[in-house]
Q: 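Pasting in a structure now, in structure tokens, and then I'll have a few things to ask.
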Amino acid sequence: MDIQTILQELELLSTERTKKNYIRNGAHEPLFGVATGAMKPIAKKLKKNQDIAEGLYATGNYDAMYLAGMIADPTAMSEADFDRWMETGYFYMISDYIVAVTLAETDIAQAVSDKWIASGKELFMSAGYSCYCWLLGNRKDEEFDQEKLNKMLEIVEKTIHNSPNRAKYAMNNFVTTVGISYIPLHERAVAVANAIGKVEVSSVKTKCNVPLASEAIQKAVDRGQLGFKRKNVRC
């Protein structure tokens, strides 16, 4: 299948309601408005295909970019490739749910995420912290440096309320994920969650409701999900 044929298939799967929802969350033209689940049959046909993924991502069409993340071969992507994807990832549904998810399946995930977090750029920070969330929720605790994660929690506690909006959201998710999925720092994450309290995030169009990290962690504990790990990062 060539890129134009794939775009035509995506357009046939679009709905106006989904398109409006994506736009409300920050997407802009070009896009069709295709639900993630509706893309799966196309992704299954294409399988992992980095060349097609690059072509789709380069269109700038949000739906095509999402499909690109579904079929990308993370092992074929370099740090420069991920940086390039981030440069055109213009809102959080791309940075956090396409680029960060794909990065989480690589051996360079932590190093690249550390660089993005340190950049101070809103979406880069958001993607970096989000990638750690995907990693912590999938990989064994032994694969992480406890002291490093503890220092990251300290930074979040000190800086979250003065950070850019989407970074705030991802930082809050990071605290929650450490508290649920990384048992060695569960109690420390709970303490940080209590310290930061309510996090206010506002977008251009609407005020974003950010779950209290302390409540989210406690709910997971009550459900017996402490130490939860998912089998796969990408669907």
Side-chain angles (χ1 to χ4, degrees), residues 18 21-22 24-26 35-37 69 91-101 103-105 109-110 113 117 122-123 125-203 205-235:
T18 302
N21 181 54
Y22 289 161
R24 187 164 56 249
N25 279 278
T36 303
F91 80 121
Y92 78 94
M93 289 175 69
I94 299 175
S95 63
D96 296 12
Y97 298 106
I98 300 176
V99 186
V101 172
L103 176 61
E105 293 195 355
Q110 291 192 50
S113 295
I117 290 169
E122 182 172 12
L123 290 181
M125 292 176 68
S126 181
Y129 278 109
S130 293
C131 185
Y132 266 100
C133 291
W134 297 114
L135 291 169
L136 288 161
N138 171 253
R139 300 190 185 185
K140 296 178 181 179
D141 288 350
E142 297 76 42
E143 296 186 40
F144 300 93
D145 182 332
Q146 182 174 335
E147 184 56 33
K148 176 184 176 181
L149 292 179
N150 188 48
K151 288 180 179 178
M152 291 176 69
L153 287 173
E154 290 178 4
I155 291 171
V156 170
E157 182 177 359
K158 293 176 181 177
T159 66
I160 187 169
H161 294 294
N162 294 318
S163 295
N165 275 316
R166 282 312 310 182
K168 287 182 183 179
Y169 198 97
M171 292 162 90
N172 190 72
N173 281 347
F174 172 75
V175 174
T176 300
T177 306
V178 174
I180 294 171
S181 295
Y182 187 71
I183 292 177
L185 288 177
H186 166 72
E187 292 184 3
R188 174 64 180 135
V190 170
V192 171
N194 288 329
I196 64 178
K198 186 173 179 59
V199 176
E200 299 285 352
V201 173
S202 298
S203 68
K205 297 181 180 179
T206 184
K207 194 171 184 178
C208 184
N209 183 30
V210 184
L212 275 171
S214 56
E215 290 184 358
I217 294 170
Q218 187 57 52
K219 286 180 181 178
V221 171
D222 293 342
R223 292 194 295 263
Q225 293 181 327
L226 187 61
F228 168 79
K229 303 285 185 181
R230 62 177 64 85
K231 291 183 179 180
N232 301 298
V233 177
R234 290 188 294 177
C235 297

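Values below: every heavy atom of this structure, side chains too, minus hydrogens, waters and symmetry copies.
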Q: Is there a side-chain contact between Val199 and His161 (heavy atoms, below 4.5 Å)?
A: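 They are in side-chain contact.
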
Q: Supply the atom-to-atom distance Lys168 NZ to Asn173 CG, rounded to the nearest 0.5 angstrom.
A: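 Rounded to the nearest 0.5 Å, the NZ-CG separation comes to 14.0 Å.
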
Q: Between the side chains of Gln146 and Asn150, does any donor sit under 3.5 Å from an acceptor?
A: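 No donor-acceptor contact under 3.5 Å links the two side chains.
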
Q: If you draw a 6.0 Å radius around NZ in Lys219, do more than 12 non-hydrogen atoms from other residues or ligands fall strictly inside?
A: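 Counting other residues, nucleotides and ligands, NZ of Lys219 stays at 12 neighbours or fewer.
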
Q: Go through the steps for Met152 and Leu149 under the test side-chain contact (heavy atoms from CB on, under 4.5 Å), then give the verdict.
A: CA-CA 5 Å; Met152 291 176 69; Leu149 292 179; 4.0 Å; yes

Q: With a 4.5 Å heavy-atom cut-off, do Glu200 and Val210 have their side chains touching?
A: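 Result no, sub-4.5 Å side-chain heavy-atom pair not found.
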
Q: Pick out which of Ile160, Val192, Val156 makes a side chain to side chain contact (heavy atoms under 4.5 Å, CB included) with Phe174.
A: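 For Phe174, the side chain to side chain contact (heavy atoms under 4.5 Å, CB included) check succeeds only for Val156.
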
Q: Looking at Gly179 and His186, what are the two nearest heavy atoms and their distance?
A: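 For Gly179 and His186, the tightest heavy-atom pair comes out as O-ND1, 2.7 Å.
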
Q: Quick check: closest heavy atoms across Tyr182 and Asp145, and the distance to 0.1 Å?
A: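 Looking at all heavy atoms of both residues, the closest pair is OH-C, 4.3 Å.
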
Q: If you draw a 6.0 Å radius around CD in Glu143, do more than 12 non-hydrogen atoms from other residues or ligands fall strictly inside?
A: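 Yes, enclosed.
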
Q: Which heavy atom of Val178 sits nearest to which heavy atom of Ala189, and what is that distance?
A: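 That would be CG1-CB, 3.9 Å.
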
Q: Does some side-chain heavy atom of Tyr132 sit less than 4.5 Å from a side-chain heavy atom of Ile117?
A: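 Contact flag for Ile117/Tyr132 side chains = yes.
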
Q: Is there a side-chain contact between Glu157 and Val175 in this structure, where contact means two heavy atoms from C-beta onward sitting under 4.5 Å apart?
A: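 SC-SC contact between Glu157 and Val175 ruled out.
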
Q: side-chain contact (heavy atoms from CB on, under 4.5 Å) for Leu212 and Lys198? Distances and angles first, verdict last.
A: CA-CA 6 Å; Leu212 275 171; Lys198 186 173 179 59; 4.2 Å; yes

Q: Please report the interatomic distance CG(Asp222) to CD1(Ile217), rounded to the nearest 0.5 Å.
A: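 The CG atom of Asp222 sits 12.0 Å away from the CD1 atom of Ile217.
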
Q: Measure across Asn138 and Arg230 and return the closest heavy-atom pair with its distance rounded to 0.1 Å.
A: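 Heavy atoms only, the tightest pair is ND2-O, 3.0 Å.
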
Q: To the nearest 0.5 Å, tell me how far Leu135 CG sits from Lys229 NZ.
A: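 Interatomic distance, Leu135 CG to Lys229 NZ, rounded to 0.5 Å: 9.5 Å.
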
Q: Which atom pair, heavy atoms only, marks the closest approach of Gly137 to Thr177?
A: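 Heavy atoms only, the tightest pair is N-CG2, 4.3 Å.
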
Q: For residues Asp141 and Ser181, report the shortest heavy-atom separation together with the two atoms involved.
A: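 Smallest heavy-atom distance, with atoms named: OD1-O, 3.2 Å.
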
Q: Does the side chain of Tyr169 come within less than 4.5 Å of Pro211's, by heavy atoms?
A: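 Yes. Closest side-chain heavy atoms under 4.5 Å.
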
Q: So do Asn21 and Arg24 actually touch side chain to side chain, heavy atoms under 4.5 Å?
A: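 Answer yes - side chains close enough.
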
Q: For a side-chain contact (heavy atoms from CB on, under 4.5 Å) check, start with the C-alpha distance between Leu103 and Trp134, then their side-chain angles and the critical distance, and finish with the verdict.
A: CA-CA 9 Å; Leu103 176 61; Trp134 297 114; over 6 Å; no

Q: OG of Ser163 to NZ of Lys158: how many Å apart, nearest 0.5 Å?
A: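 Spacing of OG (Ser163) from NZ (Lys158) equals 13.0 Å.
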
Q: We want to know whether Asn25 and Tyr92 form a side-chain donor-acceptor pair, criterion being a heavy-atom distance below 3.5 angstrom.
A: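 The criterion, which ignores hydrogens and geometry beyond distance, is satisfied for Tyr92 and Asn25.
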
Q: Begin from the C-alpha positions of Tyr97 and Thr36 and carry the test side-chain contact (heavy atoms from CB on, under 4.5 Å) through to its verdict.
A: CA-CA 11 Å; Tyr97 298 106; Thr36 303; over 6 Å; no

Q: Take atom NZ in Lys148; do more than 12 heavy atoms of anything else shown fall under 6.0 Å from it?
A: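 Above 12, so yes.
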
Q: Can you check whether Ile196 reaches Met171 side chain to side chain, under 4.5 Å on heavy atoms?
A: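 No. Closest side-chain heavy atoms not under 4.5 Å.
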
